[in-house]
2 protein chains.
Amino acid sequence: MSLKNFFKELSESENTNITMTDKQICIISAAIEIFSEKGYSATTTSEIAKKAGVGEGTIFRHYKTKLEMLLAIPNYLNKSPSSKSHMSDLTRIFESPYEKFEDFIKDVIQNRKEFILKNTPLIKVLVQEVPLHPELRDTMSESVLFPNMEKLIQAIDRFKEKGQIINIPSETIVHLLLTSMMGYFFTIFIASFHFNVDYDKEPDYLAQYILHGLSITDNKIELSREAAL
Amino acid sequence: MSLKNFFKELSESENTNITMTDKQICIISAAIEIFSEKGYSATTTSEIAKKAGVGEGTIFRHYKTKLEMLLAIPNYLNKSPSSKSHMSDLTRIFESPYEKFEDFIKDVIQNRKEFILKNTPLIKVLVQEVPLHPELRDTMSESVLFPNMEKLIQAIDRFKEKGQIINIPSETIVHLLLTSMMGYFFTIFIASFHFNVDYDKEPDYLAQYILHGLSITDNKIELSREAAL
DNA sequence: TCTCTGAGTGAGTGTTCACTCACATAAGCA
DNA sequence: TGCTTATGTGAGTGAACACTCACTCAGAGA
């Protein structure tokens, strides 16, 4: 079971001061699994205990309340070794002096795609619960989507200066990037919409699409009337 | 209160056979309001009754169970006059022989944007609950995002034949469009991410972005290695 | 006027919930 | 070995839940 491995890795890592007993690993991975299937609110603690193979009291020995379990998830995500390595890779991408925007955006997408695939159930819970628990919102944008936002904006500014991407506000570009990736992620992983498409190729079409979307082309497009006022 | 007006309009419309008493209107609009704030599962029927200003028993006179209230929402959305008019407008857009893809995509976005703004709380509930209640999924893609999908694909095929948009599978293009719009909608309306951007201009940037993203440009982009296999 | 019907009601009901607690066992240490 | 602390447990608990039901009442029809 990969979720258990995730927490085993997390517990055994030397860089984090998180130590967990076997039971505790069972509890949190069972919780995440059921949360992602039924939602936080509809999940009962007895159900978690049963799936984890522990007594119900054991849950409350480690987490004072059920809510505390949910709010602990971002913390685990942030401290996991795989997350940390993806994050530092991403920072390196943001800081590197890429020649072409194309290479930059492909590396960013590849990085986020790998990260999301490695932590799907965890992230699914976060995405699902973020509208109902605003406390989770900051973690979402800071650690799942674009950690190190300022560096990203600086990178985008550099590409704008080079004349490689369209001259609209950098915050807007970040929003469009985030929008595309969120939407892509939401439709496939969260809402499970089914499209008759090749899901292996799809992320590369996405890259191509974003790349086109922000590149400067010959056919200039006027903004519609209402945007002008 | 606009939600109450929505249902009053719905009830008084001649084309729908939906008749609702004042109390019933209060109940369903209170329910949708609380569902959108706290989520379906965390909302109690007594809370709905209190907000609607009715006795708790009255709720169960109109809806056998709490779940029935949730599942009734798509039905109301589909039968509302404003929804019907937006939907027939959209079908007309799909069928019209647009010269330029640019005009086409702008009209599509404008149509969906107006529809979403007119029905925000209702749609918010649907988006929020769709991962947990697969029954809602079909309604989402059929009535909220892209009703009349086949006609949309035919329209896209026409633009591809004219050489106005890139030659990737039409289903993929639909997915990218849906992805952009879903993501855009999710970040702003559902998850309430805050960006330091001009939200009036934002939809037009989105249009521009999508337009660019699908247009054929001089700088051809190679798909990355892994997509090729 | 009387009767019938359907909307409206809120105290009541059985169940389930998150959480507690007294106790059991294991682990660490002198 | 004995003492202390950490971990594990499941029966138990009060609160809260979705839902019921016996009842009221207003309005329509005769």
Side-chain angles (χ1 to χ4, degrees), chain A residues 4 7-8 10-12 17-73 76 125 128-129 132-133 135-136, chain B residues 4 7-8 10-12 17-73 76 125 129 132-133 135:
Chain A
K4 280 194 190 170
F7 283 101
K8 202 161 277 175
L10 179 58
S11 176
E12 287 162 1
N17 49 0
I18 296 178
T19 52
M20 298 167 100
T21 64
D22 279 0
K23 299 258 174 188
Q24 198 173 350
I25 291 172
C26 289
I27 289 170
I28 189 69
S29 30
I32 290 172
E33 227 165 290
I34 309 180
F35 284 167
S36 76
E37 280 166 24
K38 312 178 57 174
Y40 164 78
S41 209
T43 302
T44 68
T45 48
S46 74
E47 210 174 349
I48 296 172
K50 205 186 229 172
K51 180 146 202 166
V54 301
E56 204 173 343
T58 313
I59 290 176
F60 293 95
R61 168 99 28 213
H62 295 287
Y63 302 93
K64 262 183 283 180
T65 63
K66 188 181 142 190
L67 183 62
E68 206 172 81
M69 297 183 70
L70 179 67
L71 299 182
I73 295 176
Y76 291 134
V125 174
Q128 231 163 65
E129 300 302 329
L132 309 175
H133 302 89
E135 312 94 290
L136 297 174
Chain B
K4 280 193 189 171
F7 284 101
K8 203 162 276 174
L10 180 58
S11 176
E12 287 162 2
N17 48 0
I18 297 178
T19 52
M20 297 167 100
T21 65
D22 279 359
K23 300 259 174 188
Q24 198 172 351
I25 290 173
C26 289
I27 289 170
I28 189 69
S29 27
I32 290 172
E33 228 166 290
I34 309 181
F35 284 167
S36 76
E37 280 167 25
K38 312 178 58 173
Y40 164 78
S41 210
T43 302
T44 68
T45 48
S46 74
E47 210 175 349
I48 296 172
K50 205 185 232 173
K51 178 146 203 167
V54 302
E56 203 173 343
T58 313
I59 291 177
F60 294 95
R61 173 134 340 246
H62 296 287
Y63 302 93
K64 261 182 285 181
T65 63
K66 189 181 139 191
L67 183 62
E68 206 172 81
M69 297 183 70
L70 179 66
L71 299 181
I73 295 177
Y76 291 134
V125 174
E129 300 302 329
L132 309 174
H133 302 89
E135 311 93 291

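A, B, ... follow the sequence lines: proteins, then strands. Residue 1 opens every chain.
- Between the CG atom of B/D22 and the P atom of C/dG8 there is a distance of 9 Å, rounded to whole Å.
- If you check every strand for non-hydrogen atoms under 4.0 Å, B/T44 touches sugar and phosphate atoms only.
- The side chain of B/F60 approaches D/dA18 more closely than any other nucleotide in the set D/dA18, C/dG8, C/dA18.
- Between the side chain of B/K8 and the backbone N or O of B/I25 there is no donor-acceptor pair closer than 3.5 Å.
- Of the candidates B/L132, B/L70, B/V125, B/L70 is the only one forming a side-chain contact (heavy atoms from CB on, under 4.5 Å) with B/Y40.
- Whole-Å rounding puts the A/E47 CD to C/dC17 P distance at 8 Å.
- In this structure, CZ of A/R61 is placed 11 Å from C1' of C/dC23, rounded to the nearest angstrom.
- The CD1 atom of B/I27 sits 11 Å away from the C1' atom of C/dT9 (whole-angstrom rounding).
- The closest side-chain heavy-atom distance from B/E47 to B/K38 is below 4.5 Å.
- Counting non-hydrogen atoms under 4.0 angstrom, A/T58 reaches a base of the nucleic acid.
- Relative to the side chain of B/K66, the nucleotides D/dA18, C/dT9, D/dG8 differ in distance, and D/dA18 lies closest.
- For the pair A/K23 and D/dG8, the criterion of a side-chain N or O lying under 4.0 Å from OP1 or OP2 is not met.
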request  = Any chance you could lay out the side chain to side chain contact (heavy atoms under 4.5 Å, CB included) test for B/T45 and B/F60, step after step, and finish with the verdict?
outcome  = CA-CA 9 Å; B/T45 48; B/F60 294 95; 3.7 Å; yes
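- Going from atom CD1 of B/I59 over to atom P of D/dT20 covers 13 Å, rounded to whole Å.
- Between the P atom of C/dT16 and the CD1 atom of A/I48 lies a distance of 18 Å, rounded to the nearest Å.
- Counting to the nearest Å, the C1' atom of D/dC19 and the CG atom of B/L67 are 14 Å from each other.
- Close to C/dG8, at under 4.0 Å from its OP1 or OP2, lies a side-chain N or O of B/T21.
- What separates NZ of B/K50 from C1' of D/dA16 is a distance of 13 Å, to the nearest Å.
- Using a 4.0 Å heavy-atom distance criterion, B/S41 is classed as making no nucleic acid contact.
- Close to D/dA6, at under 4.0 Å from its OP1 or OP2, lies no side-chain N or O of A/H62.
- Of all nucleotides listed (D/dT9, D/dC19, C/dA7), D/dC19 comes nearest to the side chain of B/E56.
- Residues B/Q24 and B/Y63 come closest through the heavy atom pair NE2-OH, 4.1 Å.
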